[in-house]
Amino acid sequence: MSMNHSSTNDTKTQNAGRPKGDGIVVLDYGSQYTLLIARRLREIGAYSEVIDGASQRPPEGLVVRGIILSGGPDSVTEAGSRALPDWVLKHNVPVLGVCYGMGLLVEAFGGKMRSATRREYGQAHLKVNDVHNLSRKKFLGEKLFDDTPLDQTVWMSHGDDVAEVPKTFQTAATTDDGVVAAMVHDTLPIAALQYHPEVAHSEFGKELLRNFATKLCQLELNWDGSARIQSLCQYIEDVVGQGHVLVACSGGVDSTVTAALLLKALGPQRVTAVFCDTGLLRQNEVPWVAEKLKVLGLQHLEVLSSSDRFFEALKGVTDPEEKRKIIGKLFIEEFEAYAKKHPAFTHLGQGTLYPDVIESAGHGSGAKVIKSHHNVGGLPDRLALKLCEPFRWLFKDEVRSIGLELGLPLELIERHPFPGPGLAVRILGEVTRERVKMLQQADHVFISSLKEHGLYHVPWQAFAALLPIKSVGVMGDNRTYQQTIALRAVTSSDGMTAGVAELPLSFLTKVADQIVRQVHGINRVVYDITTKPPATIEWE
Ligand code: XMP
């Protein structure tokens with residue numbers, strides 16, 4: 001449960017630790033997938049940053065070698081939709097428009113978009129034109145689809161499509177519905193895609209982004225997040241000086257690797273970890289995490305026993321957003337109370353990641369709030385502590401590899417993600433101690449069975465949720481009328497989209513049997529077979 005926050009302290013602090021050099025800038029128009037573009041680019045070794053789509057200049061300090069325009073909820077056919085900033089086409093670097101970004105380029109070059117009569121959503125079949133047969137020059141098209149087949153599966157999510165390709169462009173790929181899925185400029189390194197290459201379901205999306213980075217932007221693929229430990233330690237020493245850091249730990253990857261890195265940079269005497277036991281954690285979580293942190297060499301660990309306050313505040317609350325807000329607020333208050341009693345701290349160490357920075361920047365991208373993640377809070381401002389956020393320019397997988405380099409156990413680094421508000425968002429309806437206990441037991445049966453059967457890494461994330469319904473069952477000769485557990489196990493690469501993990505039915509029935517036998521009050525277990533979208537991973 002990290003408490004990432006990034007709106008405070010000065011620009012100098014925010015820019016500290018920022019990598020230097022060349023990269024690709026992604027202009028954000030509010031797509032749920034914008035950050036994935038940057039992440040995919042970094043995965044292939046191309047450094048990238050995300051800025052607001054309305055930015056009137058490129059980011060300072062980055063040598064921009066290419067520009068990608070993201071998707072977004074707007075429609076270029078409507079008045080007031082966000083426009084392409086002037087500098088983009090004058091910057092003389094390759095440009096790739098994705099979805100809404102394609103609409104911007106179509107309009108900029110005199111073509112026409114239209115509101116599609118049928119929204120395309122999900123997977124589609126892409127037919128790439130054989131570029132060797134294209135009638136006109138094929139400067140970009142050839143390179144963009146290099147080393148990828150002419151038939152591909154791609155991920156679509158759009159309301160508009162191209163009605164008229166601009167005269168200086170030609171169609172490079174279409175879908176089975178005849179939608180223009182890719183267009184390339186005749187002579188300039190400018191292209192646009194209707195589909196989302198950044199989404200894992202686009203079969204050759206990563207290859208396309210690699211082609212864009214290397215063959216069009218001529219970027220050397222030399223970015224490696226895990227090779228940054230020395231410079232991050234230097235950043236910590238510079239920021240903290242002779243100070244003492246308070247780090248909020250949760251057992252999650254981000255906060256644990258932050259603590260490990262702080263320990264490496266500052267030594268155990270100047271790092272104190274605080275762990276807030278909200279009562280909403282997994283079974284045995286507190287001693288498990290405490291032990292792992294000690295192995296790191298941590299000497300100062302404080303566990304705040306805060307569960308009474310959390311249960312009191314959640315009494316009678318059933319609305320998911322209200323739960324999230326109450327928990328976020330209380331969490332901050334608990335830390336604030338602790339820090340105020342210990343005035344020796346000068347800095348707050350946080351595992352803020354690059355996506356947290358971008359998402360909490362609130363740069364008016366218009367991305368819709370699906371759930372308010374409580375790990376964006378006002379803590380540092382209220383504590384008057386300076387921030388130390390070594391990972392604010394990094395993605396989670398980059399932090400994971402740093403954790404491994406630092407010698408953290410794989411078991412910790414590769415844990416399934418756990419939501420900030422904890423089990424409260426996996427208990428539909430009121431959160432009580434009794435219901436938390438029920439869920440903890442059921443979840444424990446599920447997760448330990450996955451581990452015992454060597455299936456833990458089949459899903460990207462797995463858990464149990466407690467439903468607010470009772471149903472009739474029979475145990476022995478008796479009628480039961482009890483509650484229901486839903487098991488959820490999803491495949492994903494980032495949590496943005498998810499598929500259903502295909503766990504063997506024989507395994508699932510065994511788990512169900514064990515849950516019903518062991519967890520008092522449960523007489524039915526169901527398996528959630530919904531993808532994200534349309535469902536989310538968590539139930540609330
Ligand atoms: P959803 O439910 O939005 O979840 O599909 C996507 C991923 O995010 C996790 N999640 C959270 N993580 N604070 C977090 O740190 C939160 O408030 C939060 N809510 C959801 C979820 O477990 C999944 O991995």
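Start at 1 and go down the list; that is how both ligands and their atoms are numbered.
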H520 atom NE2: more than 12 heavy-atom contacts under 6.0 Å
no
Does atom NZ of K437 have more than 12 heavy-atom neighbours from other groups under 6.0 Å away?
no
Side chains of R524 and T484, donor plus acceptor under 3.5 Å
no
Going by salt bridge (Lys or Arg N to Asp or Glu O under 4.0 Å), name the residues that satisfy it together with E411, two or more places apart in sequence or in a different chain.
K292
Mark up the atoms of ligand 1 that fall under 4.0 Å of a heavy atom belonging to [X], in ascending order.
{"X": "T536", "result": "1 (P), 2 (O), 5 (O)"}
{"X": "P421", "result": "16 (C), 17 (O)"}
{"X": "G495", "result": "6 (C)"}
{"X": "R324", "result": "16 (C), 17 (O), 18 (C), 19 (N), 20 (C)"}

Rounded to the nearest 0.5 Å, what separation is found between the CZ atom of F311 and the CD atom of E434?
11.0 Å
So F345 and H244, would you call those rings parallel, tilted or perpendicular, with 30° and 60° as cut-offs?
perpendicular
Heavy atom of H416, distance to ligand 1 below 4.0 Å:
no
So is W460 touching ligand 1 or not, going by heavy atoms under 4.0 Å?
yes
N/O of G420 under 3.5 Å from N/O of ligand 1, yes or no?
yes
N or O pair under 3.5 Å between K532 and ligand 1
yes
Do NZ/NE/NH1/NH2 and the carboxylate oxygens of E538 and R426 come within less than 4.0 Å?
yes
Where on P417 is there a heavy atom closer than 4.0 Å to ligand 1, on the side chain, on the backbone, on both, or on neither?
side chain
